[in-house]
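To keep things clear, I will list the structure first and then write my remarks on it.
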Amino acid sequence: MQRSKIADILREEPVNSEVLVKGWVKAFRNNQFIALNDGSTASNLQVVVDFERFDAATLDRIKFGACISATGTLVESQGKGQKVELKTEVLEILGDCNPDEYPLQPKKQSPEFLRENAHLRFRTNTFSAVFRIRHALAYAIHKFFNDRGFCYLHTPIITASDAEGAGEMFRVTTLSMENPPRTESGEINFKEDFFGKSTNLTVSGQLEAELGALALGAVYTFGPTFRAENSNTTRHLAEFWMIEPEVAFNDLRDNMDLAEDMLRYVINYALEHCADDLKILEDRLTEEEKTKPQDQRSELSLTEKLKFVSENEFIRLTYTEAIDILRNSNPNKKGKFQFPVEGWGTDLQSEHERYLVEKHFKKPVILTNYPAAIKAFYMRQDEPLEGVPGPTVSAMDILFPGIGEIVGGSQREERYDRLVNRMREMHIPEEELYWYLDTRRFGTCPHAGFGLGFERLVLFVTGMTNIRDVIAFPRYPGSAEF
RNA sequence: GCUCCCUUAGCUCAGUCGGUUAGAGCGGCGGACUGUUAAUCCGUAGGUCCAAGGUUCAAGUCCUUGAGGGAGCGCCA
């Protein structure tokens, strides 16, 4: 007999038919009622056993976490709380679960404890919901881009370029660490390394994506990304997944439209397809809010928050306008900011971004046209703008409540001379990036793209608070367990 | 990398001003009940108070150092 998935049974409710289910015991009540979950849905199937028909030794092995198989007739439930239930005829214990040793329990356990037991945390309601939603969001992203004619490009994970300028990198080498080959001047000789040069794990697929975009028109990457920064926050990982679309002939405005459409699309996708899982996370969040002081509680529930983002236009304003708002803001005048907003030209601190998003506008904000001095070499240089004190670039950052920067992107500098000048100013080695510069020498065109931190998106949609809880096995400073 | 906080039973946490025998709920185990919804009721076992050192007549409680964890900041997605 073929196994049925609990998701299918609960959807189709094939009453009076014979079904076989397999799954893990979530609760065994009254020596009669097993709440069975097989991961196909957040909901459990009620498996009813007549304890007089089964031997006590078998019933004794039905513990929280045990894996069982049950065959029987699906009937309308005689109790309240569920529509259908399984009247069990055959029961088999597939895997025992000794409650004395099993770390998980049928009660609320802290995210920190579960993180230390990340190999088992999929089995909790919260984490199974998080990972089903994570899957749905990944699928929605592929669907969004596919439906719009984008080409999914796999950019390399090992790179010889250390000029990407996005932070510290992890070295990839097969050289002996104890006794590496040396050059005559005593430096490590990477000519003898596996690739014949020094290599690292990628910090971004953007530069390669640009190469693709300038032929395929519209491409996106979706792959792992590595940053060896010693970042200890709730929104940084050393290994994370990033989506990087890159589109020929797009300007900054097109770029913002694309990012905004994509975020709305995937959030709506989750609202439409993950209602059960979102309910679990919403209830969890509501409980958590109750423990906070009244003034720190969120006014919106999780789904309300998601709907709010999907139904409202993002606020778009320039860096210069943002500085004006911040300079005249109450917290700045009253000296409440740890970093007072003084002049034009310095980067915004996260307290400033949070003020704009969470207090001033109360919706997602896209900041554009940042000072050139604080942004990357490849961003397109703006023509001097009236009332703006210094040179700016066509950059855009999308800021979300609670998360901060979820997207960072720009229109790219497509003009060869401008790009080379900028690289020289910022000491980016031209020789190493000859292939990047070639796109500007041969048939260059305006184009734009951005990077979306996938885990930050999952963080927002699930309402979790620590990014380490939305990736299965997080990597961060001091931790590469599992 | 910087700042602050935490570490007590399997889990979540309480433990007053340093004071005598270390507390609860959940979970476990034993029993009762048998249409339950994290079932309920009765009983019961369970402790290197993170580690080392120090102060003190006396340390879970105070001090120092270390380990592990969390939050914030910086770096960014």
Rounded to the Å, how far apart are A/W241 CH2 and B/C76 P? 24 Å
Select base, sugar-phosphate, or nothing to describe what A/E85 touches, counting heavy atoms under 4.0 Å on all strands. base
Classify the side chain of A/S231 and the base of B/C75 as holding, or not holding, a donor-acceptor pair under 3.5 Å. yes
Indicate whether A/F454 forms a stack on B/A77; treat it as stacked only if centroid distance is below 5.5 angstrom and interplanar angle below 30 degrees. no
At 4.0 Å (heavy atoms only), tell me whether A/P99 reaches a base, stays on the sugar-phosphate, or touches nothing. sugar-phosphate
Can you identify which nucleotide, out of B/U36, B/A77, B/G1, has its nearest atom closest to the A/N230 side chain? B/G1
To the nearest Å, how far apart are A/E353 CD and B/C73 P? 10 Å
Distance-only donor-acceptor test (3.5 Å): side chain A/Q46, base B/U36: yes
Establish whether the base of B/G69 is bridged to the side chain of A/E112 by a donor-acceptor pair shorter than 3.5 Å. no
With a non-hydrogen cut-off below 4.0 angstrom, is A/Q105 in contact with a base, only sugar-phosphate, or nothing? base
G-U wobble or Watson-Crick pairing nucleotide for B/G68 (cut-off 3.5 Å, both distances): B/C6
Under a 4.0 Å N-O cut-off, is there an ion pair linking A/R354 with A/E351? no
Under 4.0 angstrom, heavy atoms only, what part of the nucleic acid is A/Q32 near: base, sugar-phosphate, or nothing? base
Which part of the nucleic acid, if any, lies within reach of A/S110 when heavy atoms closer than 4.0 Å are counted: base, sugar-phosphate only, or nothing? sugar-phosphate
Answer with base, sugar-phosphate or nothing: what part of the nucleic acid does A/Q338 contact at a heavy-atom distance below 4.0 Å? nothing
For B/C73 and A/S350 - does any side-chain N or O of the residue sit under 4.0 Å from the phosphate oxygens OP1/OP2? yes
